[in-house]
Amino acid sequence: MNLGESIKNIRREKGLSQGEMQKRTGILRSYLSRVENGHTVPSFATLQRLAAALDVSLADFFPSDGVAPLGGASSPSDYLLELKHYIPQLSADQRRELLQMVKDMAQTTKH
């Protein structure tokens, strides 16, 4: 499952429309559609807004196939091990954005 599908599934499980998500986040419904359909990779800030609106953690957007979701990982190293399975599927730009997201998260946890 890709990131967009994961966001869409969580949104639907919560019984929310894209229009309702637009009201909750200020993110245009058309942009959310592009994210959910895999045409756009959202920024870290956008992922944070979506997670807050859905009342889930960022980790919940990244379940792996056949393995417990990231939310069930028992340590930070478990998160990183699972994340490495996604890296080969990413473009160079997506890898750079992911690296920046990880750096941003590391800075957030230090404060």
Indicate yes or no: at least one non-hydrogen side-chain atom of V56 is less than 4.5 angstrom from one of K14. yes
Quick check: do L50 and L32 have side-chain heavy atoms less than 4.5 Å from each other? yes
With rounding to the nearest 0.5 Å, note down the distance linking OG1 in T46 to OH in Y31. 4.5 Å
Donor-acceptor contact below 3.5 Å, side chain Q94 vs main chain S91: yes
From CG (D55) to CZ (R24), nearest 0.5 Å: 8.5 Å
Establish whether M21 and L47 are linked, either directly or via other cluster members, by ILVMFWY side-chain heavy-atom contacts under 4.5 Å. yes
Under-4.0 Å salt bridge between E20 and R11: no
Between F61 and S6 the two heavy atoms that sit nearest each other are O-OG, 3.0 Å
What pair of heavy atoms forms the shortest contact from A51 to S57, and how long is it? CB-C, 4.2 Å
Could you check whether any side-chain N or O of R29 sits under 3.5 Å from a backbone N or O of Q18, counting only pairs where one atom can act as donor and the other as acceptor? no
Non-neighbouring partners of D93 that pass side chain to side chain donor-acceptor pair (under 3.5 Å), sequence neighbours left out: R96
Whether the side chain of N37 engages the backbone of S33 through a donor-acceptor N/O pair (distance < 3.5 Å, no angle test) should be reported. yes
Heavy-atom distance under 4.5 Å between the side chains of Q22 and L28, does that happen here? yes
Whether N2 side chain and G4 backbone form a donor-acceptor pair below 3.5 Å: yes
Taking the side chain from R34 and the backbone from T40, do they hold a donor-acceptor pair closer than 3.5 Å? no
Do you reckon F44 sits in the same ILVMFWY cluster as V41, going by side-chain contacts under 4.5 Å, direct or chained? no
Test of understanding: clusters of I, L, V, M, F, W, Y form through side-chain heavy atoms closer than 4.5 Å, transitively. Do I7 and L16 belong to the same one? yes
